Colleague: 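I have a structure here, written as structure tokens, and I will follow up with some questions on it.
Remember, it's 1-based here, ligands and their atoms both numbered in the order they're listed. These figures come from a predicted structure and were not determined experimentally.
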Amino acid sequence: MAVANAVLMAHRLLRPKLAAAGQVVDATAGNGRDTLFLAENTPNEAVVWAFDIQQQALTKTKQLLTKQLLIDKVRLVLDSHANILSYLHQPVDAVMFNLGYLPGGDRQINTCPDTTIKAITYSLQLLAVGGLMTIAAYPGYEHGRQECQSVQEYLASLKQETFAIACWSMVNQRNNPPVLYIIEKMKEQTD
Ligand SMILES: C[S@@+](CC[C@H](N)C(=O)[O-])C[C@H]1O[C@@H](n2cnc3c(N)ncnc32)[C@H](O)[C@@H]1O
């Protein structure tokens with residue numbers, strides 16, 4: 001299908017960037033499917049960082065990546081993505097955010113606007129010039145709607161000389177379908 005969902009669109013947009021990537025980030029590991037995507041599409045020597053605040057999510061991610069024989073290139077971090085600068089000190093080529101709650105897990109444990117915006121801000125500092133960030137947001141429920149709005153407002157405030165930012169969503173789906181934000185760093189940030 002040419003028209004996919006937000007996460008598949010993110011994968012399609014990121015894939016060409018990953019072929020020569022050295023270091024990439026899954027900011028919300030969840031069940032590990034995006035971590036697996038990043039591990040499968042980066043060079044053998046690349047490092048894939050995967051953050052989540054739930055041990056359950058990292059356990060699932062570890063199991064999936066181990067089964068696919070890709071766990072050696074993955075660094076699992078049980079911490080908030082808002083603390084990314086405590087772990088990464090070198091530029092990254094791609095960052096994925098897939099907001100919301102763990103599918104099949106506790107729906108009360110959600111990404112939150114405050115920490116999400118912090119994590120986006122710090123991740124954009126780490127992003128290499130020419131690097132890509134994708135953010136899948138879910139405005140179909142109240143918490144997700146507020147978070148999506150915060151993300152949109154924050155991204156709209158970023159300088160167009162520094163970042164090219166677009167958003168994608170289905171236009172004929174009911175109930176506020178997911179939104180995918182795509183951010184490309186055009187040049188180093190000066191402020
Ligand atoms: C929609 S799921 C991610 C789906 C995942 N990428 C996959 O492929 O299965 C969102 C995840 O974000 C995690 N999360 C929530 N707040 C977080 C935070 N501050 N830092 C890192 N992860 C967080 C949740 O625990 C949940 O597992």
Colleague: Could you tell me if the side chain of L13 sits less than 4.5 Å from the side chain of L180, heavy atoms only?
Modeller: yes

Colleague: If you have a sec, work out which protein heavy atom is nearest atom 3 (C) of ligand 1 and how many Å separate them, to one decimal?
Modeller: T28 O, 3.4 Å

Colleague: How far is atom 23 (C) of ligand 1 from its nearest protein heavy atom, and which residue and atom name does that atom have?
Modeller: I53 CG1, 3.8 Å

Colleague: Side chains of L70 and L36: does their closest heavy-atom pair fall under 4.5 Å?
Modeller: yes

Colleague: Any atoms of ligand 1 less than 4.0 Å from a non-hydrogen atom of Q54? List them with their elements.
Modeller: 24 (C), 25 (O)

Colleague: Which of the atoms in ligand 1, numbered in the order shown and given with their element, are less than 4.0 Å from a heavy-atom of G32?
Modeller: 7 (C), 9 (O)

Colleague: Can you tell which of V95, V25, I183 makes a side chain to side chain contact (heavy atoms under 4.5 Å, CB included) with S123?
Modeller: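 Between S123 and the candidates, side chain to side chain contact (heavy atoms under 4.5 Å, CB included) is satisfied uniquely by V95.
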
Colleague: Give me the nearest non-hydrogen protein atom to atom 10 (C) of ligand 1 as residue plus atom name, then the distance to 0.1 Å.
Modeller: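 Result: N98 O, 3.3 Å.
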
Colleague: Between A29 and ligand 1, which residue portion shows a heavy-atom distance shorter than 4.0 Å: side chain, backbone, both, or neither?
Modeller: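 Looking at A29 and ligand 1, just backbone atoms fall under 4.0 Å.
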
Colleague: Side chain to side chain contact (heavy atoms under 4.5 Å, CB included) for V48 and T35? Distances and angles first, verdict last.
Modeller: CA-CA 7 Å; V48 180; T35 307; 4.0 Å; yes

Colleague: Any non-hydrogen atom of L99 lying under 4.0 Å from ligand 1?
Modeller: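 Checking ligand 1 against L99, which is what was asked, there is a heavy-atom contact under 4.0 Å.
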
Colleague: Identify the closest protein heavy atom to atom 9 (O) of ligand 1: which residue and atom is it, and at what distance?
Modeller: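 That would be N31 N, 2.9 Å.
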
Colleague: Is Y101 in polar range of ligand 1, meaning some N or O pair under 3.5 Å apart?
Modeller: no

Colleague: Against heavy atoms of R33, which atoms of ligand 1 measure under 4.0 Å?
Modeller: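 Numbered from 1, ligand 1 contributes 7 (C), 8 (O), 9 (O).
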
Colleague: May I have all residue pairs that pass side-chain hydrogen bond (donor to acceptor under 3.5 Å, both in side chains) and include part of residues 177-186, sequence neighbours excluded?
Modeller: Q152-Y181

Colleague: Could you list the donor-acceptor pairs under 3.5 angstrom formed between side-chain atoms of residues 84-91 and any protein atom two or more places apart in sequence or on another chain?
Modeller:
unit_1: S86; atom_1: OG; unit_2: N83; atom_2: O; d: 3.4
unit_1: Y87; atom_1: OH; unit_2: D79; atom_2: OD2; d: 2.6

Colleague: So which heavy atom in the protein is nearest atom 15 (C) of ligand 1, and how far is it from that ligand atom?
Modeller: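 Going by distance alone, atom 15 (C) of ligand 1 is nearest to T111 CG2, 3.5 Å.
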
Colleague: Just which atoms of ligand 1 are under 4.0 Å from any heavy atom in A27?
Modeller: 21 (C), 22 (N)

Colleague: Return the closest protein heavy atom for atom 22 (N) of ligand 1 as residue, atom name and distance.
Modeller: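 Atom 22 (N) of ligand 1 sits closest to the protein heavy atom D52 CA, 3.5 Å.
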
Colleague: For atom 8 (O) of ligand 1, grab the closest protein heavy atom and report residue, atom and distance to one decimal in Å.
Modeller: D34 N, 3.0 Å

Colleague: Walk me through it: do M186 and F163 pass the test side chain to side chain contact (heavy atoms under 4.5 Å, CB included)?
Modeller: CA-CA 5 Å; M186 311 296 285; F163 297 105; 5.6 Å; no

Colleague: Does even one non-hydrogen atom of N110 get within less than 4.0 Å of ligand 1?
Modeller: yes

Colleague: Go through it in stages, so that I can follow the logic: the residues are N98 and T134, the test is side chain to side chain contact (heavy atoms under 4.5 Å, CB included), and I'd like the CA-CA distance, side-chain angles, deciding distance and then a yes or no.
Modeller: CA-CA 8 Å; N98 191 347; T134 59; over 6 Å; no

Colleague: Answer yes or no: is there a side-chain heavy-atom contact under 4.5 Å between Y101 and Y141?
Modeller: yes

Colleague: Between T116 and Y154, does any side-chain donor sit less than 3.5 Å from a side-chain acceptor?
Modeller: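 No donor-acceptor contact under 3.5 Å links the two side chains.
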
Colleague: Touching ligand 1 at all, A82? Heavy atoms, strictly under 4.0 Å?
Modeller: no

Colleague: Less than 4.5 Å apart, any side-chain heavy atom of T61 and any of L65?
Modeller: yes

Colleague: What's the shortest distance from atom 21 (C) of ligand 1 to any protein heavy atom, and which residue and atom give it?
Modeller: H81 ND1, 3.3 Å

